[in-house]
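Step one of this worksheet: look at the structure below.
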Amino acid sequence: MGNFAEFHARSINDRDAFWAEQAKLVDWKVPPQQICDYSNPPFAKWFVGGETNLCHNAVDRHLAERADQPALIFVSTETDQEKTYTYRELHAEVQRMAAILQDLGVVKGDRVLIYMPMIAEAAFAMLACVRLGAIHSVVFGGFASHSLATRIEDASPKVIISADAGSRGGKAVSYKPLLDEAIKLSAHKPANVVMVDRQLVAFTPVAGRDVDYATERAKHMDAVVPCVWVESTHPSYTLYTSGTTGKPKGVQRDTGGYTVALAASIPNVFEGKPGGTFFCTSDIGWVVGHSYIIYGPLIGGMATILYEGLPIRPDGGIWWSLVEKYKVQVMFSAPTAIRVLKKQDPALLTKYDLSSLQALFLAGEPLDEPTAKWISEGLNGKAIIDNYWQTETGWPILSICNGVEKAPSKFGSPGKAIYGYNVKLVDDQTGEELTGANQKGVLTIEGPLPPGNLQTIWGDDERFVKTYWKTVPNKLVYSTFDWAVRDEDGYFFILGRTDDVINVAGHRLGTREIEESISSHPNVAEVAVVGVADQLKGQVAMAFAIAKDTSGLTDAAARLKLEGEVMKVVDSQLGAVARPSRVFFVSALPKTRSGKLLRRAIQAVAEGRDPGDLTTMDDPAALQQIVDLIKG
């Protein structure tokens, strides 16, 4: 084991030598001539002159040593299917998919949009694209037509790969009508649509445009499609993230930097080993799915589980049963999922043999202390490791690198800055660096951003600079748009978005701080706090909470009593200024399908405004409940 502080310092102070070493973890057709070109800040070019291929590093290079080892384990509790593909079988399937794309005229630099459920063919599609040097853009399956159309227009794909339907909770979610409508709405029309027919929903193919995957695959069973070697700086994919304006932001990722970043993260951050199993419960529509369902584990020579289904179906033990069955070493999920499991029978946590599991990693939103403690105790003290990052960065910014040096986790903190990231807390008004303990500032990263981070916004360099690099006064630094403090040991604590700040009568309060306080009440399972416009105070905090035990909350008096108790907790911990104006009790909170709270929608509804685009919302009834409470 090394010394993490020295490891991190070297990654910043001796940057090129450090990353030249990490670059040896991947195969290069042509070795890099220059490690980092930062001659045009804030645009960083990594491993310049090098040629490599993402699919080669994820699949082909393992054939010599582990061709018959499991590579992709597809499990669907929606359709009761389970199938394991070895590296050899995965290699064959990816070439079949690549041959289909080649037949449709896809070449290096073309875009292919993937609008698919969590099925094995989605993994084949992503790997086939990068094999050919094509740029994939995965859109979360089931996204509404309007949102899908804006992404089709922005990416202008030659081909779209989709399926008849996804499935959620045993109910088919039809994709084809949504896709057909999106193509109709989009000014750009793809030449072809490849349809994977799962036979969940009947659909009518569009003549001359739609091709059937199974039919085409049958023609290419023995396909040999070599990897197209691309420059390190060649884009591997774009992934859309919501912007503050209507136009989606296509985060553009390179090839070489991303491959190296993931290759280094598997042993250093996740302690994954070749031959082990990695189970990430995310979705390929999100960045975590790209990096740690598909590319990271495969680059690391591991087996990866691709899971379609809910964490509570057939029961709340399904994930733990998979850990036992496939001897999962590394598990990666989201705090929301763990909070869902918290409501299930606790005996399910001890029913299965989890001895293979080294650690559970959680990311996607802040991990509250009660949830962290609950799962830590439930898993008999196994490491629960929070990590913090963004679609833009492609891999974690803050975590604990136990693969470099063992270090304790602190509840409520994602950990320290990871190697390669020169993280600084700055004053949002002056841009001055805050170096003291427990000073609250904006979490920023000094350029160059490390390998694997976004190169730019697809087709919009100006927006990339303006959005991320021009918000801190007097400094060219990347802003995460998150408030944070760093304690005396160098551990960071995320306090919430800089745009989640409430200004109550001149006092700046983070919604996250108020949520933490409310969560500490023994009968609160989950809570969302938003700032609501108030004529007197400018803004007031309003809370929407889910009670753990709702049996006593049937009448208004009981609800009022609990509301009073919650307010007292906030008073005692944060002071009267932070006390919410109201605490409403709900049965569910409005969230996206990936589990992120839809704060802006809650805030809009609380202020009587139109909540806007809700295409990513999981359960519309949750927001309607808030509308009714506000009106009531």
Side-chain angles (χ1 to χ4, degrees), residues 144 146-147 241-249 335-336 339 364-366 368 390 428 442 467 471 479-483 494-519 524-547 563 566-567 570 574 577-632:
H146 173 74
S147 300
T241 181
S242 53
T244 42
T245 64
K247 192 173 174 337
K249 289 183 301 205
T336 292
R339 285 194 283 266
E365 64 197 289
D368 58 288
Q390 302 178 316
D428 67 313
V442 180
T467 302
T471 61
S479 175
T480 62
F481 302 101
D482 277 310
W483 292 110
I494 304 295
L495 303 174
R497 299 289 288 169
T498 50
D499 48 11
D500 282 345
V501 170
I502 307 177
N503 199 324
V504 180
H507 296 272
R508 294 161 71 90
L509 302 164
T511 51
R512 175 101 179 87
E513 294 163 274
I514 303 172
E515 285 172 358
E516 279 278 348
S517 177
I518 293 173
S519 287
V524 172
E526 199 177 344
V527 63
V529 171
V530 294
V532 177
D534 180 85
Q535 282 187 317
L536 181 64
K537 296 179 178 175
Q539 269 187 315
V540 291
M542 197 177 276
F544 298 90
I546 300 174
E563 183 175 11
V566 168
M567 287 182 177
V570 178
L574 300 176
V577 68
R579 182 197 307 149
S581 62
R582 286 300 313 266
V583 181
F584 291 105
F585 294 97
V586 294
S587 58
L589 290 169
K591 289 182 179 180
T592 65
R593 294 187 192 87
S594 70
K596 283 203 169 54
L597 268 173
L598 284 163
R599 290 175 198 280
R600 288 202 180 102
I602 299 172
Q603 183 185 42
V605 162
E607 291 182 344
R609 292 182 288 111
D610 174 11
D613 181 12
L614 297 173
T615 50
T616 62
M617 186 156 63
D618 189 25
D619 177 12
L623 192 64
Q624 189 55 46
Q625 196 179 0
I626 291 176
V627 172
D628 297 343
L629 282 168
I630 301 282
K631 282 184 179 159

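Keep in mind that this is a model prediction, so the values were computed, not measured. Worth knowing before you read on, the calculation uses all heavy atoms, side chains too, and leaves out hydrogens, waters and symmetry mates.
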message: Exactly one of Gln625, Gln624, Lys631 should register a side chain to side chain donor-acceptor pair (under 3.5 Å) with Asp628. Which one does?
response: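 Result: among Gln625, Gln624, Lys631, Gln624 is the only option passing the side chain to side chain donor-acceptor pair (under 3.5 Å) with Asp628.
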Is [Y] close to [X] at the side-chain level, that is, under 4.5 Å between some pair of heavy atoms?
X	Y	answer
Val530	Phe544	yes
Met542	Val529	no
Arg339	Asp368	yes
Asp534	Gln539	no
Pro590	Ile602	yes
Gln390	Thr480	yes
Ser581	Val532	no
Ile494	Trp483	no

Side-chain donor-acceptor pair present, Glu526, Ser519, cut-off under 3.5 Å: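 The answer is no; no qualifying pair exists.
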Salt-bridge criterion met for Lys591 and Asp619 (N-O under 4.0 Å):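 Salt bridge absent between Lys591 and Asp619.
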task: Check step by step if side-chain contact (heavy atoms from CB on, under 4.5 Å) holds for Phe585 and Leu629.
output: CA-CA 9 Å; Phe585 294 97; Leu629 282 168; over 6 Å; no
Non-hydrogen atoms of [X] and [Y] that approach each other most closely:
X	Y	result
Ala578	Val570	O-CG1, 3.5 Å
Thr467	Lys249	CG2-NZ, 4.1 Å
Ala622	Ala588	CB-O, 3.8 Å
Leu597	Glu515	CD1-OE2, 4.4 Å
Pro580	Ile514	CG-CG2, 4.5 Å
Pro620	Asp618	CD-O, 3.8 Å

side-chain contact (heavy atoms from CB on, under 4.5 Å) between Leu623 and Leu614, intermediate numbers included: CA-CA 10 Å; Leu623 192 64; Leu614 297 173; 3.7 Å; yes
- request: Could you tell me the separation between the CG atom of Leu589 and the OG1 atom of Thr336, rounded to the nearest 0.5 Å?
  value: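 Taking CG in Leu589 and OG1 in Thr336, the distance rounds to 9.5 Å.
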task: Apply the side chain to side chain contact (heavy atoms under 4.5 Å, CB included) test between Val527 and each candidate in Ile518, Thr511, Val583; give the one that qualifies.
output: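 Per the side chain to side chain contact (heavy atoms under 4.5 Å, CB included) rule, the option paired with Val527 is Ile518, out of Ile518, Thr511, Val583.
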